[in-house]
Trainee: 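Just passing along the structure, written as structure tokens.
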Amino acid sequence: MSDFIKSALVPVGSALQSCKGFVNSTCEDVEPWKIVLYTCGTTVVVLTLKEFLFHDDETLKNRARREFFRLAKKIPYVQRKIEEEMSKARQGIREGMEKSTAGAFFVQKLPAQGLSEPELMQELTKYKKMASDEWQDGKVSGTVYSGDEKLTQIMAKTYGMFAWTNPLHPDVFPDIRKMEAEVVRMCCSMFNGDKNSCGSVTSGGTESIMLACLAYRNIARDRGIKIPEMVVPHTVHAAFDKSAHYFHMKITHIPVDEVTRKVDVKAMKRAISSKTCMLVASAPGFPHGIIDDVQAVAALGKQYGIPVHVDSCLGGFLVPFMDRAGFPLAPFDFRVPGVTSISADTHKFGYAPKGSSVIMYRSVELHRRQFFVQPDWAGGIYASPTVAGSRAGAIIAACWATLMYFGEKGYVESTRSICSTQRYISDQLNKIEGIFVFGQPEVCVVAIGSKHFNIFRLFDGLVEKKWLLNSLQFPSSIHLCVTIPTTKPGVADRFIADVTACVKEIMKDPKAVCGGVGAIYGMAQSIPDRTLVHEIAGCFLEACYNTTNPTDKVTANGDHVGNGLANGAAK
């Protein structure tokens, strides 16, 4: 055998000698410093090209497009035009914010002396009047899911009882620890989890989703995957993109069927690779209220040994009760083999206070992977189950109180009312010529599109009639999320009548130019450089924190001088 190997290596050795001779002859007259320089330069170019072509957390197409626009924006003319448009956008956003606060910002510093309770209540009443109460008439999509006065009083009393509690200290506040554990157990039971199912109360759906992504990323890292990949529907909640951004993961969006709006399971299967750390299905998805084929996605997870997360943040307190409410669904929860985690928001259709949600896992082993532990901190061993360290125990207590107040019967009744209203609206809208409803929504959302006119013209028309819906993109559409206020007598019929009237008027000139929100969303969708949209959105977020008054003057050092009112004093 050794003789055979030696004979087989003879041609290899000959080839290497030839290469060696070629390199030596080529470099014979080249100065040594040049050889070093050329070698280093070539290495840098090769590594840079490798990093650009094979960067795991983003596709080559997206990287190439971003790089093209980055270079294009260095052209002076392009820079000037972009800055002109961005200045207009900033000004428009700021003016809109100034109108919404209905006056100047007087409080720029702590008051020299604290206000008395009557004075404080007077000021709070002024602030409260800035907000619209139109949601009480059922004319706002989602946002406030109940608003029941008795429930409000119960939550307020509960919050007052536990205002100083913090679950970071379970030894000091065993009451909150017990209530959190019971909230999780009630939710696991709702989703048919067994005794091994578990989870945590979080600050909202985004944190619940992020913790699931973090857990699966950590599992993949242990398997040696440097940049784990999640495979999700195109219509999945943006919190998954946020998770990929925060946790250095790759996210691959799978298209949905044009008719059903459900994720294309075959395309999802093709996207699975050795780096895939999780699959996702929505029950239902936010944009169109469609429930993905959870059983098919879970079957893929079982086949390839990949965790499957079901995002039920929006409808988490509707879908578990739909069978008993008379609207049977295909299994979507822990009854489905392969489903390993579920997120559900208690602060939506669970009617608990804002800032509460639940992330559930099939097993303790999975739950543990979201934990953070620092055993070497000088302040002692630090361990927290969620993103936050300190948390408001009062929100957990109010969440527990809400679930106990409603009970199964209460949730079944609210589910029946909401789903009946949603399906009635969907059926009636499908009869209106010029628009259509996306897919066959089963839960709480009705998404509207049009093949005849810019659908955002309908949005603007409904705004004039005091309706506030959600604007969607890719494809252009709007949706109404039905809540308890929407189920009040006459609200659904009034919505249908207003949509009918708006569409009738629009169809007189379906090709007319769209203004208002339609112009903004149309422009945003048409901009190929998505970083510009990112910047505009950033301007909006910055404006939310702006306290500069229109009449303020700016000094040379950048300080703002007020308009004569005493800064720091509440007027």
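In this chain, residues are counted from 1 in sequence order. Keep in mind that this is a model prediction, so the values were computed, not measured.
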Trainee: Ring pair (Phe, Tyr, Trp, His ring centres under 6.0 Å) with Tyr246: which residues, sequence neighbours excluded?
Mentor: none
Trainee: Using the side-chain contact (heavy atoms from CB on, under 4.5 Å) criterion, which residues pair with Lys150? Sequence neighbours excluded.
Mentor: Asp148, Ile154, Tyr405
Trainee: I need the full list of ring pair (Phe, Tyr, Trp, His ring centres under 6.0 Å) pairs touching residues 279-301, with sequence neighbours left out, sorted by first then second residue.
Mentor: Phe286-His479, His288-Phe438
Trainee: Could I get the full list of side-chain contact (heavy atoms from CB on, under 4.5 Å) partners for Leu168, not counting sequence neighbours?
Mentor: Asn166, Ser390
Trainee: Where does the angle between the aromatic ring planes of Phe371 and His367 fall among parallel (under 30°), tilted (30 to 60°) and perpendicular (over 60°)?
Mentor: perpendicular
Trainee: Partners of Phe332 by ring pair (Phe, Tyr, Trp, His ring centres under 6.0 Å), sequence neighbours excluded?
Mentor: none
Trainee: Hey, does the side chain of Lys262 reach the backbone of Gly439 with a donor-acceptor pair shorter than 3.5 angstrom?
Mentor: no
Trainee: Using distance only, find each side-chain donor-acceptor pair of residues 489-499 under 3.5 Å and give its atom names and separation, not counting sequence neighbours.
Mentor:
from, atom 1, to, atom 2, distance (Å)
Asp493, OD1, Tyr424, OH, 2.5
Asp498, OD2, Trp467, NE1, 2.7

Trainee: Under the ring pair (Phe, Tyr, Trp, His ring centres under 6.0 Å) test, which residues partner Phe191, sequence neighbours left out?
Mentor: none
Trainee: Looking at residues at least two apart in the chain, or sitting in another chain, which of them share a ring pair (Phe, Tyr, Trp, His ring centres under 6.0 Å) with Tyr351?
Mentor: Phe406
Trainee: Sequence neighbours left out, what passes salt bridge (charged side-chain N to carboxylate O under 4.0 Å, His left out) with Glu408? Give chain and number order.
Mentor: Arg324
Trainee: Please check if any side-chain donor atom of His309 sits under 3.5 Å from a side-chain acceptor atom of Ser343, or the reverse.
Mentor: yes
Trainee: For Ala181, give me all partners under side-chain contact (heavy atoms from CB on, under 4.5 Å), at least two apart in sequence or on another chain.
Mentor: none
Trainee: What pairs of donor and acceptor atoms, side-chain ones from residues 352-362 against any protein atom, are under 3.5 angstrom apart with sequence neighbours left out?
Mentor:
from, atom 1, to, atom 2, distance (Å)
Ser356, OG, Thr346, OG1, 2.9
Ser356, OG, Pro353, O, 3.0
Ser357, OG, Ser208, OG, 2.8
Ser357, OG, Ala344, O, 3.1
Ser357, OG, Asp345, OD1, 2.7
Tyr361, OH, Leu211, O, 3.3
Tyr361, OH, Gln370, OE1, 2.8
Arg362, NE, Val339, O, 2.7
Arg362, NH1, Phe334, O, 3.4
Arg362, NH2, Phe334, O, 3.0
Arg362, NH2, Val336, O, 3.0
Arg362, NH2, Val339, O, 2.9

Trainee: Using a distance-only test with no angle check, is there a side-chain donor-acceptor pair under 3.5 angstrom linking Arg368 and Ser363?
Mentor: no
Trainee: Whether the Ser414 and Ser417 side chains hold a donor-acceptor pair (N or O, under 3.5 Å, no angle test) is what I'd like checked.
Mentor: no
Trainee: Does Glu542 have any salt bridge (charged side-chain N to carboxylate O under 4.0 Å, His left out) partners at least two apart in sequence or in another chain, and if so, which?
Mentor: none
Trainee: Indicate yes or no for a side-chain donor-acceptor contact from Ser477 to the backbone of Pro475 under 3.5 Å, with no hydrogens or angles considered.
Mentor: yes
